[in-house]
Amino acid sequence: MPELPEVEKARALVEKKAGGRVIESVDDSDSYVCRPHAPGELHDALAGRTVTGAGRVGKSFWLETDGGEGPELGLHLGMAGRIIVAGEGAGHPKPLRNPAWDRLTIAFADGGALVMRDKRRLSRAVLNPDRSNLGPDAERITREQFRRRVGRGRGPVKARLMDQATIAGVGNLLADETLWQAGISPLHPAGELDHAELDHLRRELRAATRRAHRLGGVHKGQVIPYRRRGASCPHCGEPMERGKVGGRTTWWCPACQP
DNA sequence: AGCATTGTTTCACA
DNA sequence: TTGTGAAACAATGC
């Protein structure tokens, strides 16, 4: 599920429902998800700490402990991860189908728990995450930053938007939705966009992100249902085009996005 | 069976 | 230096 809107939802959930609670133990036995940590390292660092907040840049978020005095627990939901928090005395959140999909579990001293559940296994948990290679968050990037960072290079603008070092938080679906709303071809060289086009693109990115927040996810985007074979553009009726841009399957309308 | 998948990292190569 | 395409990673769903 996760692109920026879904991750922000997870962050807010953690802040609201895990904030103030004391960590009793951490099940970090999935050594792939918790790499490069050895099993037990997350537990040793976090047991006894209090969750005091949650931050986020792009698709990465983290738990703060002991008011910033304790270590941070960085989380990334990968392609299919989600966060579930069970309240006081509620025990472990009930597995949807397969208990093995719970890749990380934080048990609280009050009897509840936080679970990172991932059908696949591309989610990630790491202590004191390094965020130095992330660009400004897509929701907070200024117009000047956006012009400077996104509006450069010879590569296609979609690849530029999805580059987390350029701007953090935009994934495949949000990129397709934003470019369709903006009427800009995903193949357009980023450095050839003028200021007006870049400002417009940023505006549509913010609008698409807000809409996703409001409606419950990036998959609620207006063009997302039309990212399939045989579909026509919901604006003009032209057949949608499929291609590969920035390594990802890309759909766009050749008429609306010349 | 084969292919696709809302993500990231690495690597060969132009 | 920049950029690209492909592969790997893991697992599920159609």
Side-chain angles (χ1 to χ4, degrees), chain A residues 1-11 29-36 56-61 74-83 95-104 116-126 129-135 137-138 148-180 186-192 205 208-209 211-213 215-231 240 242-252:
Chain A
M1 294 215 7
E3 290 189 42
L4 188 152
E6 288 84 1
V7 177
E8 172 55 24
K9 193 174 165 187
R11 187 209 63 78
S29 53
D30 190 320
S31 54
Y32 183 76
V33 168
C34 299
R35 70 192 185 284
R56 178 189 64 78
V57 171
K59 305 171 196 170
S60 297
F61 71 113
L75 298 175
H76 195 294
L77 300 175
M79 291 264 259
R82 51 181 298 214
I83 296 292
L96 194 58
R97 241 164 61 199
N98 185 346
W101 292 342
D102 290 353
R103 310 295 179 179
L104 181 87
M116 182 163 72
R117 184 167 291 168
D118 186 2
K119 243 178 228 206
R120 309 201 190 142
R121 215 167 150 205
L122 295 171
S123 53
R124 194 85 193 262
V126 61
D130 174 21
R131 293 186 282 278
S132 61
N133 46 7
L134 290 177
D137 184 80
R148 192 166 0 103
R149 303 179 72 96
V150 177
R152 56 178 294 276
R154 299 183 314 261
V157 61
K158 180 177 176 186
R160 196 99 196 121
L161 278 176
M162 290 193 301
D163 177 1
Q164 304 301 302
T166 297
I167 173 174
V170 182
N172 197 27
L173 297 185
L174 190 56
D176 276 5
E177 173 73 11
T178 298
L179 289 163
W180 179 77
L187 301 170
H188 198 105
E192 288 177 16
L205 173 57
T209 306
R211 199 177 309 120
H213 277 314
L215 301 178
V218 286
H219 59 286
K220 299 283 189 183
Q222 294 175 3
V223 84
I224 304 306
Y226 302 91
R227 297 175 79 261
R228 54 178 177 82
R229 299 218 181 253
M240 294 291 287
R242 178 190 202 264
K244 203 89 142 170
V245 184
R248 310 304 303 272
T249 298
T250 300
W251 293 87
W252 73 99

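As the structure is a computational prediction, the values presented were derived from the model and not from experiment. Order of the sequence lines fixes the chain letters, A, B, ..., with proteins taken first and strands second; residue numbering starts at 1 for each chain.
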Exercise. Considering all heavy atoms of both residues, which atom of A/G58 and which atom of A/V7 are nearest to each other, and what is their separation?
Worked result: O-CG1, 4.0 Å
When rounded to the nearest 0.5 angstrom, what distance separates [atom1] in [X] from [atom2] in [Y]?
| X | Y | atom1 | atom2 | result |
| --- | --- | --- | --- | --- |
| A/Y32 | A/R124 | OH | CZ | 7.5 Å |
| A/D30 | A/R35 | CG | CZ | 9.5 Å |
| A/R160 | A/H188 | CZ | NE2 | 14.0 Å |

Distance in angstrom units between [X] [atom1] and [N] [atom2], rounded:
| X | N | atom1 | atom2 | value |
| --- | --- | --- | --- | --- |
| A/N172 | B/dA4 | CG | P | 14 Å |
| A/D118 | C/dA11 | CG | P | 10 Å |
| A/R248 | B/dT8 | CZ | C1' | 10 Å |
| A/L122 | B/dG7 | CG | C1' | 7 Å |
| A/M79 | B/dT9 | CE | P | 14 Å |
| A/E3 | B/dT5 | CD | P | 13 Å |
| A/R35 | C/dA10 | CZ | P | 8 Å |
| A/W251 | B/dA4 | CH2 | C1' | 12 Å |

For this session: Could you let me know what C/dA10 is paired to, Watson-Crick or G-U wobble, both distances under 3.5 Å, or none if it's on its own?
Result: none
Exercise. For B/dT6, which nucleotide is its Watson-Crick or G-U wobble mate, given both distances must be under 3.5 Å?
Worked result: none
With a 4.0 Å limit, can you tell me whether [X] has a side-chain N or O closer than that to the phosphate oxygens OP1/OP2 of [N]?
| X | N | result |
| --- | --- | --- |
| A/K59 | B/dT8 | yes |
| A/H76 | B/dT8 | yes |
| A/W101 | C/dT12 | yes |
| A/K244 | C/dT4 | no |
| A/R121 | C/dA11 | yes |

How would you label the contact of [X] with the nucleic acid (heavy atoms, under 4.0 Å): base, sugar-phosphate, or nothing?
| X | answer |
| --- | --- |
| A/G171 | sugar-phosphate |
| A/R227 | sugar-phosphate |
| A/P156 | sugar-phosphate |
| A/R124 | nothing |
| A/R120 | base |
| A/T249 | sugar-phosphate |

Exercise. With rounding to whole Å, what would you report as the distance between B/dT6 and C/dG3 at their C1' atoms?
Worked result: 24 Å
Exercise. Using atom C1' of each nucleotide, how far apart are B/dT8 and C/dT1 to the nearest Å?
Worked result: 22 Å
For this session: Check each of A/D137, A/V57, A/V170 against A/L4 using the side chain to side chain contact (heavy atoms under 4.5 Å, CB included) test, and report the only one that passes.
Result: A/D137
Exercise. Taking the side chain as C-beta and beyond, is there a heavy-atom pair between A/M162 and A/V245 under 4.5 Å?
Worked result: no
Exercise. Would you say the side chain of A/E6 lies within less than 4.5 Å of the side chain of A/V218, judging by non-hydrogen atoms?
Worked result: yes
For this session: Please confirm whether the backbone N or O of A/T249 pairs with a side-chain atom of A/R227, one donor and one acceptor, at under 3.5 Å?
Result: yes
For this session: State plainly whether the residues A/R11 and A/E8 are in salt-bridge range, i.e. N to O under 4.0 Å.
Result: yes
Exercise. For A/R152 and A/V245, take the nucleotide of DNA chain C holding the closest heavy atom to each; which residue's nucleotide lies nearer the 5' end?
Worked result: A/R152
Problem set entry | Which nucleotide in B/dT6, C/dA10, C/dG3 has an atom nearest any side-chain atom of A/P2 | B/dT6
Could you list, one pair per line, each protein nitrogen or oxygen that sits under 3.5 Å from a nitrogen or oxygen of nucleotides 10-14 of chain B, together with the distance?
none

